[in-house]
*Asks:* 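Before I ask anything, here is the structure I am working with.
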There are 2 protein chains.
Amino acid sequence: MATSGRRGPYICGIDAAMDVVSGKWKSLILWELHHHGIRRFAELRRGLPGVSEKMLIQHLREMEEDGLVHREVYREVPPKVEYSLTEHGVSLNAALAPLGEWGTDRIRRIGADRVPVDAAGPARR
Amino acid sequence: MATSGRRGPYICGIDAAMDVVSGKWKSLILWELHHHGIRRFAELRRGLPGVSEKMLIQHLREMEEDGLVHREVYREVPPKVEYSLTEHGVSLNAALAPLGEWGTDRIRRIGADRVPVDAAGPARR
DNA sequence: CGGTATCCTTTCAGATACTG
DNA sequence: CAGTATCTGAAAGGATACCG
């Protein structure tokens, strides 16, 4: 297998979609590219604080392979490569939107009514 | 930290949502519980071919901790435990629906114009 | 600038055996 | 029936150094 994890066979649609977005940075890359349209490698790197070059390129390659991301290479010096979303990438982003809203709500709730797990106490056991 | 992976801090909503659904079986557990309403441990196990007891209970615990799943214990012999979705679990499922459709489309496309990765050959490399 | 290559650590997942 | 405990291997992720 080339660079990817599994790519099928899948039990259901969620399964297939999750396979394609799973990876620590993929949803963030999607988000970055969706909001900026086109980004260079170093720009993405700066937009994703904490990502290593290895992980960034690895995720970008997988996403390219999965048809989500387009990679445009300009053969000049210094080198220049631009990344953008394909139609599929755009549609995935749209499909991800409700989940994003759910997550945003969740962050609000956690901040409000949840304790950091350890101080909580004897709800169970 | 108890059983979970990270649980925040999050960069955006998608990030938070992905954290909660990532794990090999979580989306499938969600699906099972959504369609059957209530399921016992052994029923879930049978409904998720290939899952080990360890992974199943681990995912169920995390999902309970995350407020997605309700665990009802009947103190009788033989033991009986029923799992069901909470309101949050139901809303997450709803938020996941468009992603599921996207994935279903994707499976169709892959089946149509893509070969199983190994026999494929020189698209790249 | 935009990557590779290498090594290393951490996390995830599966199998097996045992318990209330 | 519904778990818990432990061990092992595989995979994901990260740090660092170097290359065209």
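Chain A is the first sequence line, chain B the second, and so forth, proteins listed ahead of strands; every chain is numbered from 1.
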*Asks:* Could you give the CE-to-C1' distance, from Met55(A) to dG13(D), as a whole number of Å?
*Replies:*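 Rounding to the nearest Å, CE of Met55(A) and C1' of dG13(D) are 5 Å apart.
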*Asks:* For Glu62(A) and dG13(D), give me the distance from atom CD to atom P, rounded to whole Å.
*Replies:*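 Those two atoms, CD and P, are 9 Å apart.
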*Asks:* Give me the atom names and distance for the closest heavy-atom approach of Leu44(B) to Glu32(B).
*Replies:*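 Shortest heavy-atom contact: CD2-CB, 3.9 Å.
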*Asks:* Grab the CZ-C1' distance between Arg75(A) and dG20(D) for me, whole Å please.
*Replies:*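 That distance rounds to 9 Å.
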*Asks:* Take atom CG of Leu44(A) and atom C1' of dC1(C), then tell me their distance rounded to the nearest Å.
*Replies:*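 Distance, rounded to whole Å: 14 Å.
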*Asks:* For the CH2 atom on Trp25(B), are there more than 12 heavy atoms of other groups (residues, nucleotides or ligands in this structure) within a distance under 6.0 Å?
*Replies:*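 Yes, CH2 of Trp25(B) has more than 12 neighbouring heavy atoms, counting only those of other groups under 6.0 Å.
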*Asks:* Over how many whole Å does the gap from Arg71(B) atom CZ to dA2(D) atom C1' extend?
*Replies:*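 The distance from CZ of Arg71(B) to C1' of dA2(D) comes to 8 Å, rounded to the nearest Å.
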*Asks:* Rounding to a whole Å, what distance do you find between Phe41(B):CZ and dG3(D):P?
*Replies:*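 Distance, rounded to whole Å: 6 Å.
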*Asks:* Can you name the nearest heavy-atom pair linking Lys26(B) to Val20(B), along with the distance?
*Replies:*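 Heavy-atom minimum between the residues: CD-O, 3.3 Å.
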*Asks:* Taking only side-chain N and O atoms of Arg40(A), does any of them lie within less than 4.0 angstrom of OP1 or OP2 on dC1(C)?
*Replies:*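 No, outside the criterion.
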*Asks:* For Arg71(A) and Val81(A), which heavy atoms make the closest approach, and how far apart are they?
*Replies:*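 Scanning both residues, the minimum pair turns out to be CG-CG1, 3.8 Å.
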*Asks:* Is the number of heavy atoms from other residues, nucleotides or ligands under 6.0 Å of Glu76(B) CD greater than 12?
*Replies:*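 Count over threshold, so yes.
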*Asks:* Whether the side chain of Lys24(A) and the base of dG13(D) hold a donor-acceptor pair under 3.5 Å is what I'd like checked.
*Replies:*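 Such a pair does not exist between side chain and base.
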*Asks:* Roughly, in whole Å, what's the span from CG in Asp19(A) to P in dC12(C)?
*Replies:*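 Asp19(A) atom CG is separated from dC12(C) atom P by 17 Å.
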*Asks:* Map Pro79(A) and Ser22(A) onto DNA chain D by nearest heavy atom, then report which one ends up closer to the 5' terminus.
*Replies:*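 The 5'-side residue here is Ser22(A).
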*Asks:* Side-chain N or O of His59(B) less than 4.0 angstrom from OP1 or OP2 on dC12(C)?
*Replies:*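 Result: no.
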*Asks:* Rounded to the nearest angstrom, tell me the gap between atom CZ in Arg61(B) and atom C1' in dG3(D).
*Replies:*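 In whole Å, dG3(D) C1' lies 8 Å from Arg61(B) CZ.
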*Asks:* Judged by each residue's nearest nucleotide on DNA chain C, which is more toward the 5′ side, Lys54(A) or Ile57(A)?
*Replies:*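 Result of the comparison: Ile57(A).
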*Asks:* Side-chain N or O of Trp25(A) versus OP1/OP2 of dG14(D): is the shortest distance under 4.0 Å?
*Replies:*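 Trp25(A) to dG14(D) OP1/OP2: side-chain N or O found under 4.0 Å.
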*Asks:* Which nucleotide in the list dG3(D), dG3(C), dC1(C) gets nearest to the side chain of Glu53(B)?
*Replies:*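 When the side chain of Glu53(B) is considered, dG3(D) is the closest of dG3(D), dG3(C), dC1(C).
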*Asks:* Check the phosphate of dG3(D) against Tyr83(B), side-chain N and O only, distance under 4.0 Å to OP1 or OP2. Yes or no?
*Replies:*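 Result: yes.
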